[in-house]
Protein chains: 4
Amino acid sequence: MTDFFDDVPEPVRFAGGEGSGGLAYRVYDPDRLVAGKRMEDQLRLAVCYWHSFNWGGSDVFGAGTFDRPWLDAGRDPMEAALEKQDAAFEFFAKLGTPFFCFHDLDMAPPGATLRKSKANLDRLVDRAAQKMDETGVRLLWGTANLFAHPRYAAGAATNPDPEVFVHAAAQVRDALEATYRLGGANYVLWGGREGYETLLNTRLRQEADQLARFLELVAGHKRSIGFAGTLLLEPKPQEPTKHQYDYDCAAVLGFLERYGLADEFKVNIEGNHATLAGHSFHHEVAYAVDHGIFGSIDANRGDPQNGWDTDQFPNSVEELSLVLFEILRGGGFTDGGFNFDTKLRRQSMDRADLFHAHVGAVDTLAQALLVAEALIADGTLSGARDARYAAWDGPLGQRIRQPDTDLAGLADLAARTDLEPTPVSGRQELLENEVNRVTWSMT
Amino acid sequence: MTDFFDDVPEPVRFAGGEGSGGLAYRVYDPDRLVAGKRMEDQLRLAVCYWHSFNWGGSDVFGAGTFDRPWLDAGRDPMEAALEKQDAAFEFFAKLGTPFFCFHDLDMAPPGATLRKSKANLDRLVDRAAQKMDETGVRLLWGTANLFAHPRYAAGAATNPDPEVFVHAAAQVRDALEATYRLGGANYVLWGGREGYETLLNTRLRQEADQLARFLELVAGHKRSIGFAGTLLLEPKPQEPTKHQYDYDCAAVLGFLERYGLADEFKVNIEGNHATLAGHSFHHEVAYAVDHGIFGSIDANRGDPQNGWDTDQFPNSVEELSLVLFEILRGGGFTDGGFNFDTKLRRQSMDRADLFHAHVGAVDTLAQALLVAEALIADGTLSGARDARYAAWDGPLGQRIRQPDTDLAGLADLAARTDLEPTPVSGRQELLENEVNRVTWSMT
Amino acid sequence: MTDFFDDVPEPVRFAGGEGSGGLAYRVYDPDRLVAGKRMEDQLRLAVCYWHSFNWGGSDVFGAGTFDRPWLDAGRDPMEAALEKQDAAFEFFAKLGTPFFCFHDLDMAPPGATLRKSKANLDRLVDRAAQKMDETGVRLLWGTANLFAHPRYAAGAATNPDPEVFVHAAAQVRDALEATYRLGGANYVLWGGREGYETLLNTRLRQEADQLARFLELVAGHKRSIGFAGTLLLEPKPQEPTKHQYDYDCAAVLGFLERYGLADEFKVNIEGNHATLAGHSFHHEVAYAVDHGIFGSIDANRGDPQNGWDTDQFPNSVEELSLVLFEILRGGGFTDGGFNFDTKLRRQSMDRADLFHAHVGAVDTLAQALLVAEALIADGTLSGARDARYAAWDGPLGQRIRQPDTDLAGLADLAARTDLEPTPVSGRQELLENEVNRVTWSMT
Amino acid sequence: MTDFFDDVPEPVRFAGGEGSGGLAYRVYDPDRLVAGKRMEDQLRLAVCYWHSFNWGGSDVFGAGTFDRPWLDAGRDPMEAALEKQDAAFEFFAKLGTPFFCFHDLDMAPPGATLRKSKANLDRLVDRAAQKMDETGVRLLWGTANLFAHPRYAAGAATNPDPEVFVHAAAQVRDALEATYRLGGANYVLWGGREGYETLLNTRLRQEADQLARFLELVAGHKRSIGFAGTLLLEPKPQEPTKHQYDYDCAAVLGFLERYGLADEFKVNIEGNHATLAGHSFHHEVAYAVDHGIFGSIDANRGDPQNGWDTDQFPNSVEELSLVLFEILRGGGFTDGGFNFDTKLRRQSMDRADLFHAHVGAVDTLAQALLVAEALIADGTLSGARDARYAAWDGPLGQRIRQPDTDLAGLADLAARTDLEPTPVSGRQELLENEVNRVTWSMT
C-alpha cells in the first residue's frame, strides 16, 4: 500500500523555534514537562475522523474541493471506508498526536438495516483496533451520528415519533460498545437535532423529558457493560436547529441536575459553540470547571464576524491561554483532551494543508499551555483574586453564611452602623497587562 | 395643583377602531371579555416609574431632552420627588391602566445614610398609598435599585466585599416592606451588576453561592413579614455587565434548582432581554411556562439591528400574539402582568409622547391578546401539536418510559424489527400560515 | 405524463378570507386593483428554480429530506433535468404566479466542457420556451451559478487566476443569452464567492478592479445583443465567504459609481441579506429607492436569532408593508418583482408543503401590499415627513444651499443672532401607532 | 499647585521586559527604530480628553465611580475646566505620549450663547497652547461635539431643521479654528447623530445631501483659513442612532465620491466601530489603505460578546499586528496616529488605573508594531500574495484588461479551448501559522 499523504513522507517532529520552513513542530514537544506532566499528557490531542476524512470541502453553496478519493460518487461504500481508514491512520501516525475521535457513520457506511450497519461498524472497528495497536494511536472518544439522516430531521431522542427514539437507542448502543471496545476514554453525545425549528409545533417540556430518559438509558447501559469512560454532552445554541436544547453549559448543567443526571455526564465544550451562544470560550470553560462538569474540549474557533459554525483551526494564543489557565487551575484533564473538531477552509485543497492546519493548531495549544503554566507560576492573577475576596473569610462573611442569620439582622446591622462600603478598583486593565506581560515573555 | 400633563385633560378612553385622531384606545377595552376574563384582568398592565418619570432622555452620548422639571439640576430632592409623584399618579390615572411598578430610589431620593434613605422612602410610600386609594391604581411590583450607586459597581449580592452584600440586604428589606405595605402583587430582583466585567478577577462559583444566599435571606424575610406576593428574578444576559449570571430563563431555573430556591422564585421576562440572550421573546415565555417558573413580563422590544437594550415600546402584534398564546395556554397571569419597562425615544420630547407611546403599546397588547384568544379557540395549533406527538401515548412511548426498560432492550427491538421510522412533515410553513390567517382575521 | 404534484390537482385560486382549509389564496387576487395596477402587476411574483426544484432539503449537518426524485443519485443528468423541468412548470402553472427565475446549472446539467454545458442549456432553454408558451409563465430573471464549482472557490471575476475570470465570462455569456432568448426582464449577478476568506492572501483593490472589469464586459455584451432588461447586482455581506464585496446597497452603489457602472446596474435586494448586513430590510429598500438603484427583490426572511442565511418564506406583514410602502413611493417595480428565493424548512417534506409555503408567502405580500396602499392613501406618514423638513424649503434652507454661502457666513449669522434652535419631537411612537392603526384596519 | 496624579510622581519610562512591577514601558521605547522611523513617530500616540478627563465612569445604569473632582455637581464650570486641564496636561506629560485630542465642549464649558461658548473655548485654548509649549505635547486632532446637546437629537448637519445645521456650522468653525491655532495635525468629524432612529420620519437622500453640503462648507473653510491638516470622517454603524450614515469605510468612501469630496476627507477608523459594523478591524484598515482614504486610528477594542461600543483599551497584539501590517504596507501614518479613544472599566476607580490602562495599551501597540515590522521583513505574506496573483501580469490578465476585449471574445476563447482552470490552494492555515511564527518570535 502506498501512502496517501506521500508529500509528507516522515512523521512530524519537534524542531523548536529554529525549525526551518518544513513541516515541524516549533513549540509542541511531547516530552517537555509542563505543570508537572508531559506536554502530550497535558494536552491529550486528538484528530477527528469526520471533518478531516469524511468531508470533502463542500458548503451550502458549493461542492467539495478536497482531494479525498474515497468520497467520490459511485464508490463501493465499504471499499471507500477502508481506504479512508488507511489514510486516516496514516495521518494520525504521521502527525504524532496521541488520539483520534470518530462518529459511527463517518468510520463505517450505514447498511440497509440497523443490523447491516452494525456489521459494517464491527468490521471497521476491528480493523481500527488493529491499526491502533500498530500505531499506538488511542481513542479519545466515539459518538453516534444522530443528525444527518432524514429520520432524525425532527430530533433523535426528542423526536415526536418514539420509533425514532428507539432507532437512536440502537445506534448509540452500538457506537458506545464500539467505543468501549476501542478503549475510548469518553463517549460524546451532541444533540445536533435535539432542538426545534419552530415553537408552533413543539412541546418544549416533553422533549426535555424524552432527552432525559434517553440519557438515563445510555448511562445505564454504560454501567451495565462496564465502560469506565466519561459520558459527555456537547453544548451548542443552534445550527442546524433554530434552537438547540443543550444551549450552553448553564443550560446543560441545569438540565442534568433537574433530571438527576449530573453525576453521569460532563460537558465537551467547543470554542465556536461557546461564541455562538454569546459567551467567550474562556467563560464556558471557567463555568464548567467551577461547577464540576468540565470534561473535554473541541478545539476550534469561529470567525467573530460570521454567525455560523466556521469550525476553524485554533490559532489564537491569546484566547487559548486563558482557556488552559482555567483547565490547569481545575487540575487538568482527566479523561478529556483537545479534539480538533476543525474544518479546513474550502480553498485549502492540497493534501498537505491538512498537516499544516493541524501542526499550527497543535503549536498554538502548546504555546498557550506554556503561557498558562507561566500565569499560574507567576501568581499575579490568583493573588489578586484571593485578595479581592479576602473579606468573605472574615467575620462578616462568616456571619452572612451562618444558618441563623436573617435579612432583618443584616439590615439592622447596616442601618445601625450607617454602613457605607468603600468601592474598590477591579483593576481590570492592570490584570490584562499582567497577562500580556507573561504572554510576551514566552519564547 | 395644576396638571402636569395638561395637554391630556381627560382620561384616555376606549373609542374603538373608529376613534378619531385624538388620544383614545382603539382596541383596549378593559371590560371586554377575552378568554374568560376582562381584558384588564388578562393583561394586568403597569406603568413603570423609572423610565417614564425618573429618566430625562439622556443616553451615553447626550443629555436629557425631555421636559421633566423635577430632574433639573439644583432641585431639592424631596420636593422634586413629590412633584414627580404627582405627575406619575396623574399619568397613571389618566392612562387608566390598573398598575404601576417602582424602584426604591426612583420614587424616593437616597439620604446620606440608610436610615435617612428609609425615612425618605417611608414618606413617599405613605403618600403613594394615599394616591393609590384616591385613584384606584395598584402596585404590580416593587424593587430595589442595586446597580446605580458606585458601591454596587462590582455587584450587590455578588460583590467581593461582604459589606456591600449587607448594604444590599438593608435596601431590599426596606423595598420589600414598602412593596408589602402598598399591596404589591410581586417583588422583583434584577441583578444588573450581578455578573462580571472580566473573569481575570472573578470567582464564578463563589459569586453564585453569594447570590443564592442573598435570595434565601430575601425569601425568608418575605415569609417572616407575611408578604404573600411572588418573588421574581429578571433574566438578562449582559449590559451593564459583560456577563450577567441571570443570563436567560434556563440559567435562572438551573440556578434556582441548584440552590433549592425553585419554589420561592419565578421569572420576570423582558422581551428585549430575551433577544439579547439569543432567544426569541416567544421562546423565553414558552420555556418559563413549560417549566413552571413563569411569573410576569416586562413588555418592551429591542431593535433587531442594535446590540443593546433599547427598551422600546412594544408595537408588534406578530411577536406578542405568540407570547400571549403561551401565557393563555399556561392559564394566564396569576400575580404577574405586563409592565411597560419602556423608554421613549430620545427625540420624543413632548409630554404627550408619553401618552402616545403607552396607548400604542396597550393597544398592541390588546390586539395581540385577541389574536391569542382566537388562536386558542381556532384549535389548529394545538390540534397539530397533539397529533404530532400522539404516538408517545401509544404502547411504544409507554414502553420507553417504563422503569425497567433499558437501552439494550430497545436497541434489540430496533435491530430485530429492522426498524426504520418514516419521517413526517413538520408543516412549519402551513402552521405559520394558520397563524397569519387568524391574525389577519382580527379587526 | 402524470402530474408530480398530484395532491394539488387544480390551480390555486383566490377564495378570499372565507376560503376553507383547502389550498387557496385568501388575499392574493391577481386582478384586484391596488395603487392603480392589478395586484399581479404590482407584485410581479416569481418562483425560483434552485431552492424549490434543485435542492433536496440537505443542510451542512444532514442529507436531503424532500421527495425530489430527479435529485436521486445515479440518475442520468439530462433525463433528471427534463423531469425536474416538468415538475417545475407544473408547479409554476398551478401556483398561478406569473414569473420564474433560474440559474443556468439548476436548469441544465453541466457538461464535461463549456461547449457541452452550453448544449445542455440550449436544449433545456428551448424546452422552457415551449413550456412558457403553453403556460403563460414568464421569466423574471436568469443568472449563472459562479459559486458552486471548485474552480470558483476563490471567486469568479475576483479570482487570482485570470483563467477563472474567462471561464466565468463564458458562463455568463451563455446564461445572459439564454435569459434574453426567454424574454427575461432582468439578469442578476450574485457574487457568492466574490469576497475573501482571509485578508492574508487577498488584494482587496485588485479584486475590486477585476470585478468592475467583469461587469463592464457584461454590460457591453448586454448592449451588443440588444437585451433590454435590467442588470442587477445582489448585495450580501458574507456566507459563503467571510466577507463579500457586495456587502450592502451602500457598498454596491459606491462601487458602481467608482467604476462608472451606476447607469448599467441596479440592485436585487434580499431580505435575509439585508439583516445579515446589520440593516433592516426596510432600510436597504429605502436606500436603493432614494439613490436610484432599486431593481428587484428576493423575498425571504431570516431568523432573528440565527446568524446565517435561513432563506425562510416571508410571513411578516409588519416587515413587508414598510418594504412595499417604499416601493410604491418609488413608483413600483419596473422590470423587477418579488422572487421567492426561499427554502422550505428541512422537515417540510411533503410535496404539498411547497404549495403551502408559497401560498402563505404570496398572501403575506398581498396583505402587505394592501397595507402599503392604505398607508399611502392615509397620508399620515408622508404628511408628517413633509412637515418635519418644511423649513428646508424656507429662506434659511435656501441660503445654506446657495453656492456662495460659506461656513464663516453661517457661523457669523448664528453667533450674531444667538441662535438656539428649539428641538422638536420626532414622534416616533405616534407614527408607529399610525402604521399599526392602518395595518389592523385591513381585513 | 500640587499634582493630581501624585501616586505617579515621575514620568513613565521605558524599562524593557525586565521592568519590575512599577509603572514602566516594557516595549514602548520611543527612540527605537522600527521600519525606518522612531517608534514614537510610527505610532504617533495620543490621549483623548473626553473619556479620560471628562467622563466620570457613569453608564446607562449607574453613576460615575471615578475620582474626577472637576466633574462634581455644583462646581463653577470654568474653574472646573481649568482644574481638568491641569490634570490632563499633567497626565499627558507623565505618560510621555506625544499627542492629545479634544472635543470643544470637553475642554471648555458651553456658555449661554454661542459667543460665550467661543469665549470659553478661546480661553482654554490659549491656556492649552501655553501648556503645550511647556510640555512639548502636541495636538493630533480636534473636533466639535455635535451630539450631546438636545438640539442635536435629530442630527446636526442632517437635522430636519436648518437652524440646527447653522448652529453646527458655528460650532465647527470655532473648533476647527481652535484646532488650527493649536497646530493640530487633523480635524475629525464624527456624526454621532447623523443617522436616524426610524425611517418613518426620515428622508434618507435629503439628509445625505445636507451632510455633503456641510462637509463641503467645512472643507472650504479649512482652505480659506490655511489649515493644512487632514479632515477626517469617523465611520460608525450605529449607537446612539439606530443607523448612522457613516456606517463603515465603504459607505463613507461611496458617499465622498458621490459628492465630490474624496479629495478633501479621509477616515479615522475605530476598532470597536469596525466590529460593530460586522467587519474586522483589519478589514476596515486594509480597505481604507487600498482605497486611498486611510487617515488615522481610534485605538480601542470592543467586547466580542457585547453589542455596544465598549471602548476598551486595546490589549490584543494578535489583532493589532495585522492592523499595523496594513498601515506599514501603506507607508505608515502621515498626519494620523493612534488616539486612545478608550474608556476605563467602571470599576477601575483608582487614579493610577488611568496610567495602567494607557501603559498597557501603548505597550500592546508597540509590540504589535514590532510584529508588523517583522512580518514585512520576513516577506512570507507578501511573497505568497504576489505569487497568488502573478498570472494577472501575464498575457491573459493583460488581454482581459485591454479596452477592445469584449465578453464574447473571452467566452469564445474559453469554449474553443475547453478551458478548465485548476483550483489552487489558498493556504490560509499555513499563512496563519506563519503569522504566529513571527508573532511568537518577538520578545
Side-chain angles (χ1 to χ4, degrees), chain C residues 113-115 150-151 153-154 160-167 169-170 173 197-201 203-205 217-218 220-221 237 243 247 250-251 253-254 257-258 278 282-283 286-287 290 381 384-385 388-389 391-392 396-397 400 406-408 410-411 413-415 418-419 421 423 426 428 431, chain D residues 113-115 150-151 153-154 160-167 169-170 173 197-201 203-205 217-218 220-221 237 243 247 250-251 253-254 257-258 278 282-283 286-287 290 381 384-385 388-389 391-392 396-397 400 406-408 410-411 413-415 418-419 421 423 426 428 431:
Chain C
T113 64
L114 274 165
R115 283 177 284 189
R151 84 175 70 84
D161 178 356
E163 286 195 359
V164 179
F165 183 105
V166 173
H167 196 284
R173 192 259 311 258
E197 290 303 316
T198 175
L199 281 170
L200 296 182
N201 66 10
R203 289 181 174 165
L204 278 184
R205 184 60 193 247
L217 293 170
V218 172
H221 193 66
H243 175 92
Y247 197 83
L253 176 61
E257 292 181 335
R258 187 164 312 124
H282 187 188
H283 171 85
Y287 184 92
D290 270 20
L381 290 181
R385 188 141 50 172
R388 192 167 181 246
Y389 291 90
W392 278 94
L396 186 59
I400 290 169
D406 62 12
L407 192 78
L410 294 178
L413 170 68
D418 289 342
L419 181 72
Q428 179 168 340
L431 295 174
Chain D
T113 64
L114 275 165
R115 283 178 284 189
R151 84 175 70 85
D161 178 357
E163 286 196 359
V164 178
F165 182 105
V166 173
H167 195 283
R173 192 257 311 255
E197 290 302 317
T198 175
L199 281 170
L200 297 183
N201 67 10
R203 289 180 174 164
L204 278 183
R205 185 59 193 249
L217 292 171
V218 172
H221 193 67
H243 175 91
Y247 197 83
L253 176 61
E257 292 180 336
R258 188 164 312 123
H282 187 189
H283 170 86
Y287 184 91
D290 270 19
L381 289 183
R385 190 141 50 172
R388 192 168 181 246
Y389 290 91
W392 278 94
L396 186 58
I400 290 169
D406 61 12
L407 193 79
L410 294 178
L413 169 69
D418 290 341
L419 181 72
Q428 179 168 339
L431 295 174

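- Both the backbone and the side chain of Ala169(D) come within less than 4.5 Å of a heavy atom of chain C.
- For a residue to count as touching a neighbouring chain, one of its non-hydrogen atoms must lie under 4.5 Å from one of that chain's; by this rule Phe165(D) touches chain C with the side chain only.
- Heavy-atom distances place both the backbone and the side chain of Glu197(D) under 4.5 Å from chain C.
- Contacts with chain D were tallied for Asp406(C), Val218(C), Leu253(C); Leu253(C) has the most, counting heavy-atom pairs under 4.5 Å.
- In this structure, Leu199(D) and His283(C) have side chains that are in contact, with non-hydrogen atoms separated by less than 4.5 Å.
- If you tally non-hydrogen atom pairs under 4.5 Å between each of Asp161(C), Val164(C), Leu200(C) and chain D, the highest count goes to Leu200(C).
- Distance alone, capped at 3.5 Å, places no donor-acceptor pair between the Arg203(D) side chain and the Asp290(C) backbone.
- The parts of Pro150(D) that come within reach of chain C are both its backbone and its side chain, each placing non-hydrogen atoms under 4.5 angstrom from that chain.
- Ranked by non-hydrogen atom pairs under 4.5 Å with chain C, the options Ala408(D), Pro160(D), Ala153(D), Ala411(D) are led by Pro160(D).
- Taking chain C as the reference chain and counting heavy-atom pairs below 4.5 Å, the highest number among Gly220(D), Ala414(D), Pro237(D), Ala250(D) is found for Ala414(D).
- Residues Leu217(C) and Leu410(D) form a side-chain contact, since some pair of their non-hydrogen atoms from C-beta on lies under 4.5 Å apart.
- Only the side chain of His243(D) comes within contact range of chain C, with heavy atoms under 4.5 Å apart.
- The distance from atom CG of Leu413(D) to atom CG of Leu114(C), rounded to the nearest 0.5 Å, is 10.5 Å.
- Per-residue counts of heavy-atom pairs under 4.5 Å with chain D were compared for Ala415(C), Ala286(C), Pro423(C); the largest is that of Ala415(C).
- Contacts between Tyr247(D) and chain C at a heavy-atom distance below 4.5 Å involve the side chain alone, from C-beta outward.
- Among the candidates Gly254(C), Ala170(C), Pro162(C), Ala154(C), the residue making the largest number of heavy-atom pairs closer than 4.5 Å to chain D is Pro162(C).
- Put simply, CD on Glu163(D) and CG on Leu396(C) are 6.5 Å apart, with the number rounded to the nearest 0.5 Å.
- Side-chain contact between Asp418(D) and Arg115(C) is present, with heavy atoms from C-beta onward closer than 4.5 Å.
- Val166(D) is listed as a side-chain neighbour of Leu419(C), based on a closest heavy-atom distance under 4.5 Å.
- Proximity to chain C (any heavy atom under 4.5 Å) is shown, for Ala384(D), by neither the backbone nor the side chain.
- Between the Arg388(D) side chain and the Asn201(C) main chain, a donor and an acceptor come within less than 3.5 Å of each other.
- Of the listed residues (His282(C), His167(C), Arg173(C), His221(C)), the one with the most heavy-atom contacts under 4.5 Å to chain D is Arg173(C).
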